[in-house]
Engineer: 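Below you'll find the structure I mean.
No hydrogens, no waters, no symmetry mates; every other heavy atom, side chains included, goes into these values.
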Amino acid sequence: MAKPTIPQILGDGSTRLASAEPAPSSGLFIPDSVFVSAGLGTPATATAEAHLVALLVTVKIYLTQLNFDANIDQSIYVESGFTSFIQRGTDNISYRVDQPFNFNLAKIDEGITIDPTQY
């Protein structure tokens, strides 16, 4: 099999943008429809944190243990974590802490540092 594609991981319509030098329009494009599908109702006014959570929800759909096991070229899979509670602030208000995204990065053992180009 092959490495998962950008649309497979980041959602339909996601793509890598490229242009001639200098490249003011190069980068990664993720359409608002991806964020809406992940539960972000109003991407235009949502916070950066809300966009990140919606993106994590999206990548978790494809980057499963099942797909990882079936595709030797896939290097990342996402598992669910645990929920806990912490006290925050001067009034010790109870906060629920969800850990729904445990990212597992797999590569041939060649060193101890994480190098994004290896995945």
Engineer: Do S75 and K107 have side chains that approach each other closer than 4.5 Å (heavy atoms only, starting at C-beta)?
Structural biologist: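 No, too far: nothing below the 4.5 Å cut-off.
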
Engineer: Pick one: which of I6, T5, L10 meets side chain to side chain contact (heavy atoms under 4.5 Å, CB included) with Q8?
Structural biologist: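 Result: among I6, T5, L10, T5 is the only option passing the side chain to side chain contact (heavy atoms under 4.5 Å, CB included) with Q8.
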
Engineer: Which heavy atom in A38 sits nearest to a heavy atom in A54, and how many Å separate them?
Structural biologist: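 Residues A38 and A54, closest heavy atoms: CB-O, 3.3 Å.
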
Engineer: Calculate, to the nearest 0.5 Å, the distance between atoms CD1 and OH belonging to I9 and Y62 respectively.
Structural biologist: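 Rounded to the nearest 0.5 Å, the CD1-OH separation comes out at 7.5 Å.
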
Engineer: Is V53 reachable from V36 through a run of hydrophobic residues whose side-chain heavy atoms are each under 4.5 Å from the next?
Structural biologist: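 Different hydrophobic clusters.
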
Engineer: To the closest 0.5 Å, what do you measure between CG (D98) and OG1 (T83)?
Structural biologist: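 Nearest 0.5 Å value for the CG-OG1 distance: 4.0 Å.
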
Engineer: Is it the case that atom CG in L28 sees more than 12 heavy atoms from other parts of the structure closer than 6.0 Å?
Structural biologist: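 Yes, because the 6.0 Å sphere around CG of L28 holds more than 12 heavy atoms from other groups.
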
Engineer: Donor-acceptor pair, H51 side chain versus F35 backbone, under 3.5 Å?
Structural biologist: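 It does not hold such a pair.
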
Engineer: Looking at F82, I want to see if its CZ is surrounded by more than 12 non-hydrogen atoms of other residues, nucleotides or ligands under 6.0 Å.
Structural biologist: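 Counting other residues, nucleotides and ligands, CZ of F82 stays at 12 neighbours or fewer.
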
Engineer: Under 4.5 Å between any side-chain heavy atoms of L56 and F103, yes or no?
Structural biologist: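 Side chain of L56 against side chain of F103, heavy atoms only: contact under 4.5 Å found.
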
Engineer: Please work out whether the ring planes of F68 and Y77 are parallel, tilted or perpendicular, with thresholds of 30° and 60°.
Structural biologist: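 Rings of F68 and Y77: tilted, as their planes differ by 30° to 60°.
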
Engineer: Do other residues, nucleotides or ligands put more than 12 heavy atoms under 6.0 Å from the CG atom of D69?
Structural biologist: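 Yes, CG of D69 has more than 12 neighbouring heavy atoms, counting only those of other groups under 6.0 Å.
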
Engineer: Other members of the hydrophobic cluster containing I93, with the 4.5 Å side-chain heavy-atom rule, please.
Structural biologist: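 For the cluster that includes I93, the remaining residues are I86, Y95, V97.
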
Engineer: With a cut-off of 6.0 Å (strictly less than), are more than 12 heavy atoms of other residues, nucleotides or ligands near CD of Q99?
Structural biologist: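 Check passes, neighbour count above 12.
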
Engineer: Closest approach of G11 and T58, non-hydrogen atoms and distance?
Structural biologist: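 Smallest heavy-atom distance, with atoms named: N-CG2, 4.1 Å.
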
Engineer: Applying side chain to side chain donor-acceptor pair (under 3.5 Å) between E79 and each of N102, N104, T64, report the one that passes.
Structural biologist: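 Testing E79 for a side chain to side chain donor-acceptor pair (under 3.5 Å) against N102, N104, T64 leaves exactly one candidate, N104.
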
Engineer: Verify the cluster assignment for L55 and F29: are they in a single hydrophobic cluster under the rule of side-chain heavy atoms below 4.5 Å apart?
Structural biologist: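 No, L55 and F29 fall in different hydrophobic clusters.
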
Engineer: Could you tell me whether a side-chain N or O of R16 sits under 3.5 Å from a main-chain N or O of G27, the two making a donor and an acceptor?
Structural biologist: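 Looks like yes, one N/O pair under 3.5 Å.
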
Engineer: Within a strict 4.5 Å, meaning less than it, do heavy atoms of the V34 and P31 side chains meet?
Structural biologist: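 V34 vs P31: side chains touch.
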
Engineer: Report yes or no: does K60 contribute a side-chain atom to a donor-acceptor pair with the main-chain N or O of P100 at less than 3.5 Å?
Structural biologist: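 Yes, K60 side chain to P100 backbone: donor-acceptor pair under 3.5 Å.
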
Engineer: Give a yes or no on whether F101 and I61 share a hydrophobic cluster (residues Ile, Leu, Val, Met, Phe, Trp, Tyr; joining criterion: side-chain heavy atoms under 4.5 Å apart).
Structural biologist: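 They do not share one cluster, since no chain of ILVMFWY contacts under 4.5 Å joins F101 to I61.
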
Engineer: How close do A2 and N71 get, heavy atom to heavy atom, and via which atoms?
Structural biologist: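 The answer is O-ND2, 2.8 Å.
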
Engineer: Is there a side-chain contact between Y119 and I114, using heavy atoms and a 4.5 Å cut-off?
Structural biologist: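 In short, these two side chains touch, coming nearer than 4.5 Å.
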
Engineer: Hey, what do you get for CG (L52) to CG (L40), rounding to the nearest 0.5 Å?
Structural biologist: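 Those atoms lie 11.0 Å apart.
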
